[in-house]
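Below: one structure, written as structure tokens.
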Protein chains: 2
Amino acid sequence: MNRKAPNRRTRAKQKRLSADDRRSEFVTKATELFAEEGFAGGTRALARKLGVTQPLLYRYFPSKDDLIKEVYRKVYLEPLEIGWEKLLSDRSRPLRVRLQEFYEIYTDAIFTRKWLRIYLYSGLKGLDINRWYVGMVKDKILTRILRECRHEAGLAVQSRPSAAELELAWVFHGGIFYYGVRKYIYDAPVLEDKAQMISDALDIFLAGFEKIAENSADRRRVPIKVIG
Amino acid sequence: MNRKAPNRRTRAKQKRLSADDRRSEFVTKATELFAEEGFAGGTRALARKLGVTQPLLYRYFPSKDDLIKEVYRKVYLEPLEIGWEKLLSDRSRPLRVRLQEFYEIYTDAIFTRKWLRIYLYSGLKGLDINRWYVGMVKDKILTRILRECRHEAGLAVQSRPSAAELELAWVFHGGIFYYGVRKYIYDAPVLEDKAQMISDALDIFLAGFEKIAENSADRRRVPIKVIG
DNA sequence: ATCTCCGGTGATCACTCGATAAACTGATCC
DNA sequence: GGATCAGTTTATCGAGTGATCACCGGAGAT
């Protein structure tokens with residue numbers, strides 16, 4: 001890359017990175033390794049990916065578990081950098097458009113082989129961070145979506161959605177999520193146009209929302225407003 | 001249990017089972033073990049669950065991998081014993097009722113901690129049997145559902161559904177599937193009434209089906225239909 | 001009673017795993 | 001140029017893995 005030392009011998013492996021660089025390189029490559037092999041992936045295989053020896057890992061992490069925790073942190077916090085609060089709640093734009101854009105961006109972030117596999121592996125281990133993430137999806141995404149849907153439909157906006165409504169949103173959300181699982185975990189053929197898949201799923205969800213909402217609530221209601 | 005030998009000393013471990021019994025006991029307990037620990041679960045832990053010693057496993061299976069294959073076979077074939085062909089295609093009953101009953105029975109079969117975990121673990125390994133199962137769901141369930149939906153809607157029934165329609169069915173199916181994942185893998189709180197979840201998901205799917213079906217022909221976007 | 005068959009055990013091998021301690025090496029400071 | 005510090009390696013440990021072998025012992029057949 002950079003040839004700041006032109007007379008330097010070309011070494012197959014450049015060693016002696018700075019501590020911070022080496023540490024983050026461990027995390028990066030560990031994410032790749034664990035995504036493929038699961039957390040049973042060995043520390044020696046990891047070191048081989050870096051071109052270093054295995055004990056070096058323990059200069060940077062007290063144990064393999066600590067490395068794994070670091071991988072969790074990185075993976076689980078990655079999709080949070082989107083800033084969906086304002087995206088979902090910006091009522092100056094049509095709800096349909098907001099939802100479409102949100103899910104396109106959100107799935108761009110999490111529909112990678114790496115992310116999905118780490119997520120499922122950690123989910124199977126039943127870790128707290130996984131439950132935390134699920135709770136965050138519920139509070140920060142689904143609850144917000146439901147609130148906007150109720151507002152759009154002219155229904156009373158309650159602070160917390162009913163269990164049935166929430167389940168409705170979960171099934172919708174899970175259906176989209178499972179698209180990524182089929183594509184990147186199962187390697188199964190899917191509809192290539194992800195945006196259309198989201199659009200179709202949204203059509204169905206929005207069309208059916210009121211129908212369920214009126215059953216769960218006591219109120220009768222007004223027809224859905226037409227999108228622009 | 002049975003006291004056919006009343007004078008026999010009560011032994012904590014009754015040994016010497018018949019070959020067939022022992023073999024199937026290995027598969028059963030291995031399924032439980034692998035569901036919890038993943039396929040990294042050890043042969044010694046398995047033997048402990050049976051109350052026997054570890055080398056005994058190799059009397060019945062040439063290798064651990066062969067045991068695992070047997071576990072796959074059992075788990076993947078389990079939900080197939082339902083016989084959904086006639087259930088889904090019996091046009092003497094309303095489609096809505098057929099779908100509701102099918103998904104209640106189907107999810108009764110696969111929504112167990114054991115089944116879902118083995119399924120996800122094997123899916124992460126990318127085995128052929130997993131792709132086979134996904135293909136079977138597509139051909140035997142989703143394609144059949146779509147055919148019945150088109151018939152119900154008075155649309156031409158084609159032999160193979162369009163990619164967009166199929167994706168629609170997948171998102172619907174995946175949404176229901178993900179309910180099981182949330183409940184039994186993530187141990188997350190879900191709507192307890194599974195039948196209502198299915199019913200709500202069906203309402204949405206059926207309400208939105210026609211709309212997508214007609215859009216897949218020509219891509220014109222039309223306002224959302226008002227529900228009754 | 002004795003023989004024979006076969007389910008089951010004890011001992012062990014080669015290997016891999018995560019982890020530790022000590023030695024090595026290259027860059028930086030005085 | 002020598003001391004020093006930090007990044008890296010070599011050697012190794014103890015525990016655990018899948019797998020193999022010779023052997024044991026109880027139940028049924030003769």
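Letters go in sequence order (proteins before strands), and every chain restarts at 1.
Under the 4.5 Å side-chain criterion, counting only non-hydrogen atoms from C-beta, B:Ser122 is not in contact with B:Tyr133.
Taking atom CZ of residue B:Arg48 and atom P of nucleotide C:dT9, one finds them 14 Å apart after rounding to whole Å. Separating the CD atom of A:Gln54 from the P atom of C:dA21 is a distance of 14 Å, rounded to the nearest angstrom. Per the geometry, CZ belonging to B:Phe39 stands 17 Å off C1' belonging to D:dT17, to the nearest Å. Distance CD (B:Glu37) to P (D:dT17): 11 Å, rounded to an integer number of Å. The nearest whole Å value for the distance from the CG atom in A:Leu33 to the C1' atom in C:dC17 is 14 Å.
The phosphate of C:dC6 (OP1 or OP2) has no side-chain N or O of B:Arg22 nearer than 4.0 angstrom. Listed pair A:Thr43 / C:dG18 meets the phosphate criterion, a side-chain N or O lying under 4.0 Å from OP1 or OP2.
Taking every side-chain heavy atom of A:Val52 into account, D:dT9 is the closest of D:dG18, D:dT9, C:dT9.
Note that the CD1 atom of B:Ile141 and the CZ atom of B:Phe102 stand 3.5 Å from one another [nearest 0.5 Å].
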Strictly under 3.5 Å: I want the nitrogen or oxygen pairs between protein and nucleotides 27-30 of chain D, one per line.
none

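If you check residues 55-70 of chain B against DNA chain D, the residues with a heavy atom closer than 4.0 Å are B:Pro55, B:Tyr58, B:Ser63, B:Lys64, listed by number.
Mapping A:Ala19 and A:Arg44 onto DNA chain D via the closest heavy atom, the residue that lands nearer the 5' end is A:Ala19.
Using a cutoff of 4.0 Å between basic side-chain nitrogens and carboxylate oxygens, A:Lys114 and A:Glu36 are not scored as salt-bridged. With respect to the salt-bridge test (charged N to carboxylate O, under 4.0 angstrom), the residues A:Arg96 and A:Asp203 qualify. A salt bridge is defined here as a Lys NZ or Arg NE, NH1 or NH2 lying under 4.0 Å from an Asp or Glu carboxylate O, and B:Lys194 with B:Asp108 meets this definition.
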Report task. Start with the C-alpha gap between B:Arg73 and B:Glu78, add the side-chain angles, then the distance that decides, and say whether salt bridge (Lys or Arg N to Asp or Glu O under 4.0 Å) holds. Result -> CA-CA 8 Å; B:Arg73 253 178 33 87; B:Glu78 209 165 72; over 6 Å; no
Query raised in the report: Between A:Tyr119 and B:Tyr186, is a ring-ring contact (aromatic ring centres under 6.0 Å, His included) present by the stated rule, with each step listed?
Result: CA-CA 11 Å; A:Tyr119 181 76; B:Tyr186 302 157; 5.7 Å; yes
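The one candidate from B:Phe172, B:Phe177, B:Phe111 that meets the ring-ring contact (aromatic ring centres under 6.0 Å, His included) condition with B:Tyr103 is B:Phe172.
A distance-only check finds a donor-acceptor pair linking the side chain of A:Tyr179 to the backbone of A:Leu191 [under 3.5 Å].
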